[in-house]
Protein chains: 2
Amino acid sequence: MMKKYTIKDIAQLAGVSKGTIDRVIHNRGNVAKDVEDKVKQLLADIDYQPNLIARNLKNNRIYQIGALLPDPKKDAYWEVCSDGIQQALSEFSAFDIRLNTFLFDPTDTKSFMEHHELLLDSAPDMILMVPLFYKEAKTVLEHYKALNIQVCTFNNQIDASIASFIGQDLYQSGRVAAKLMHSIIDKGDMAIIHIDEKYKNAVHMQEKEKGFKSYFDDLDGFTDDILKCKIRYTETEDKLRDFLKDHPNLTGIFVTNSKAFHVARLLESENKGHIKLVGYDLLSENVHYLKDGVIDFLIHQNPRQQAYLGLKFLIENLVFEKDIPGKHLLPIDIINSENVTPFLRA
Amino acid sequence: MMKKYTIKDIAQLAGVSKGTIDRVIHNRGNVAKDVEDKVKQLLADIDYQPNLIARNLKNNRIYQIGALLPDPKKDAYWEVCSDGIQQALSEFSAFDIRLNTFLFDPTDTKSFMEHHELLLDSAPDMILMVPLFYKEAKTVLEHYKALNIQVCTFNNQIDASIASFIGQDLYQSGRVAAKLMHSIIDKGDMAIIHIDEKYKNAVHMQEKEKGFKSYFDDLDGFTDDILKCKIRYTETEDKLRDFLKDHPNLTGIFVTNSKAFHVARLLESENKGHIKLVGYDLLSENVHYLKDGVIDFLIHQNPRQQAYLGLKFLIENLVFEKDIPGKHLLPIDIINSENVTPFLRA
DNA sequence: TTGTACGCGTTATCAT
DNA sequence: ATGATAACGCGTACAA
């Protein structure tokens, strides 16, 4: 194993002082060209890696990170995010990281903008956010970009060029759902049901639908129908009941967001347990029906891990100057009644 | 948010010097009782947290970690472990961690013991190991325990009281396999196939079998047969062919280890693609048959993550004095042809 | 019993 | 243009 070189070592080897080495490393000028070249060569030769610990020792400023997140009280989907955030904070408790969280109402764009203003007032060094509303988020992100504030977004992607993103490949997750459905039904009609939460951008669910259909398009000799049903959140039950009545041949339903439990509730009360059901997310109501056998599979989007990674990327960039990936896709977890438990733990 | 106190701050508050504070913190004696009490009270009041980073700055000893692992050349299952190890090392590259790896032949207990001796000679501070052979591993672990060397084991558990363990709940993973099988077949016989690698302890596969059976035992009105077949590694093909011939009603096969591709190969060549197949582990041959549709599901035991976590736990204990969990169970990942790709990346 | 001074690696500042 | 030095937070040997 090689020795670990320090600036002191380099200085000795080059026959100059530590200060000169530092100037070269940080391109701070005031170094003679020949010396600079010599030192740079030396640094490259021995693959010098600065000691990040010592670097942060001096750099004792308090980092401020702002978080703009949906209020879990309005939608249980977001509850686990705070676990992920706590984990990241505790992992980096050795550093002085301050997190200011601003929770907006996920049904209200105005709330989003208001809390964005508050966040901005808190003068954050970096920002973690869920850019739930396309138009507003885009504006806000451009604002941050102009201010040169690094942002990590998760859950849904706005624009690859404007901020780092952590999430899932939604098209592919639609394909995963399709493969699961194909595994568990032999014949009969399938339905894709969008239960529109109104506030969430439809792009989300459309991507999943596209992926779902593409799987069956790729199959040879597949002729069964794929029905489609769009339901507004407020009228879920009636519309669903009508839809089921209209399509007695239905054998499989794919719900493109976390609201599968609405469908499950109805299937159970109408004794239509033979209809297979695939949905998203480990909300406690979904998990309940999964364990009961009404829901067959759930796809786990892991918002907890998304929030954790986002914050971790930001912190590692602050304290270690690590690069933040422009896009980080999480694996698509398939959940059934038997493997669900360990995914629920905090 | 509170200010982050340093030893210097405490000293000032207590009206004593840094040295005294340090003596109190580390119970190093030579402190007047009244002063000690006062300082302790102060420390508790402000919830003093030492800066772990500065602590390691001076502590420039080189940590030696020994790894006793199966040779990936003998069984491809172990190939990805080195990725996990590299990740952990790079994550902690700021510290001076030396890893000495000793690869043993996973078919040979003698090789295990020999490399254990070599490992011991290298005078490691801590040890990461795969305790593949029960009897030998137990002896070895007791030896390390007597020497007071911290050990992290992964893959298979020997004894909860003797070493930390990272792995999966094998019984539960058998239940996951059963649930999957139950989802994709309606009728006909099922078979549990143990392809004995001879060297691996049978406990592994037995636990999975128990879990698999327990799932169907819990089902009401389930009467179909669950066949069982044990095959020695060297005679896989012939035995398998006979077994298939003897049981024409077979509709589902559960292979309890990473050797499902042997069965897949045969099913493909004998045109028995209608038989559903569930197995373990993302070996390239398994993934090939998964994508081809011959294997329906694989359960991912994530040896890469197991190795990563084991090493991470050891290092964090060395440099941050974090506790090592006695047992850490990974979630049981369900893999099909559509979600496999992101699980393969390094 | 207690205080002081130094070292760890990096970096900013000041003097040359 | 370059070298010397102090400072960050902690641990500790040594002096008082």
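Just so it is clear: chains get the letters A, B, ... in the order the sequence lines come, proteins before strands, and each one is counted from 1. Quick note: numbers below take in every heavy atom, side chains included, and nothing from hydrogens, waters or symmetry partners.
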Fill in the blank from the handout: The single option from A:K40, A:K33, A:K38 that satisfies salt bridge (charged side-chain N to carboxylate O under 4.0 Å, His left out) with A:E36 is A:K40
Problem - Separation of D:dA1 P from A:I21 CD1 (nearest whole Å) - result: 16 Å
Exercise for the section: Assert yes or no for the condition that the ring centre distance of A:H328 to A:F313 is strictly below 6.0 Å. Expected result: yes
Practice task
Report the residue from A:Q87, A:E79, A:Q86 that forms a side-chain hydrogen bond (donor to acceptor under 3.5 Å, both in side chains) with A:R304.
Solution key: A:Q87
Exercise for the section: May I ask you to list the residues of residues 30-41 of chain A, by number, that have any heavy atom positioned under 4.0 Å from an atom of DNA chain D? Expected result: A:N30, A:V31, A:A32, A:V35
Exercise for the section: Please determine, by modelled atom types, if B:Q64 and B:N100 share a side-chain donor-acceptor pair under 3.5 angstrom. Expected result: yes
Exercise for the section: Please determine, by modelled atom types, if A:Q41 and A:D45 share a side-chain donor-acceptor pair under 3.5 angstrom. Expected result: yes
Practice task
Nearest whole angstrom, please: distance from the C1' of D:dA7 to the CG of B:D9.
Solution key: 15 Å
Exercise for the section: Please name the pair of heavy atoms, one in A:P303 and one in A:H300, separated by the smallest distance, quoted to 0.1 Å. Expected result: CD-CE1, 4.4 Å
Problem - Any side-chain donor near an acceptor of the partner, A:Y308 and A:E91, under 3.5 Å - result: yes
Problem - Annotated protein contacts, base or backbone, on nucleotides 10-16 of chain D with a non-hydrogen cut-off under 4.0 Å, one of B, S, - each - result: BBB----
Handout entry: Global bending angle along the helix from C:dT1-D:dA16 to C:dT16-D:dA1, which compares the axes of five pairs at either end, to 10 degrees
Key = 60°
Practice task
Mark yes or no for whether A:Q306, through its side chain, and A:Q301, through its backbone, hold a donor-acceptor pair below 3.5 Å.
Solution key: yes
Handout entry: Ring centre gap for B:F112 and B:F104 strictly below 6.0 Å
Key = yes
Practice task
Answer yes or no: is there a side-chain heavy-atom contact under 4.5 Å between B:V151 and B:M126?
Solution key: no
Handout entry: B:T20 vs C:dT1: side-chain N/O to OP1/OP2 distance below 4.0 Å
Key = no
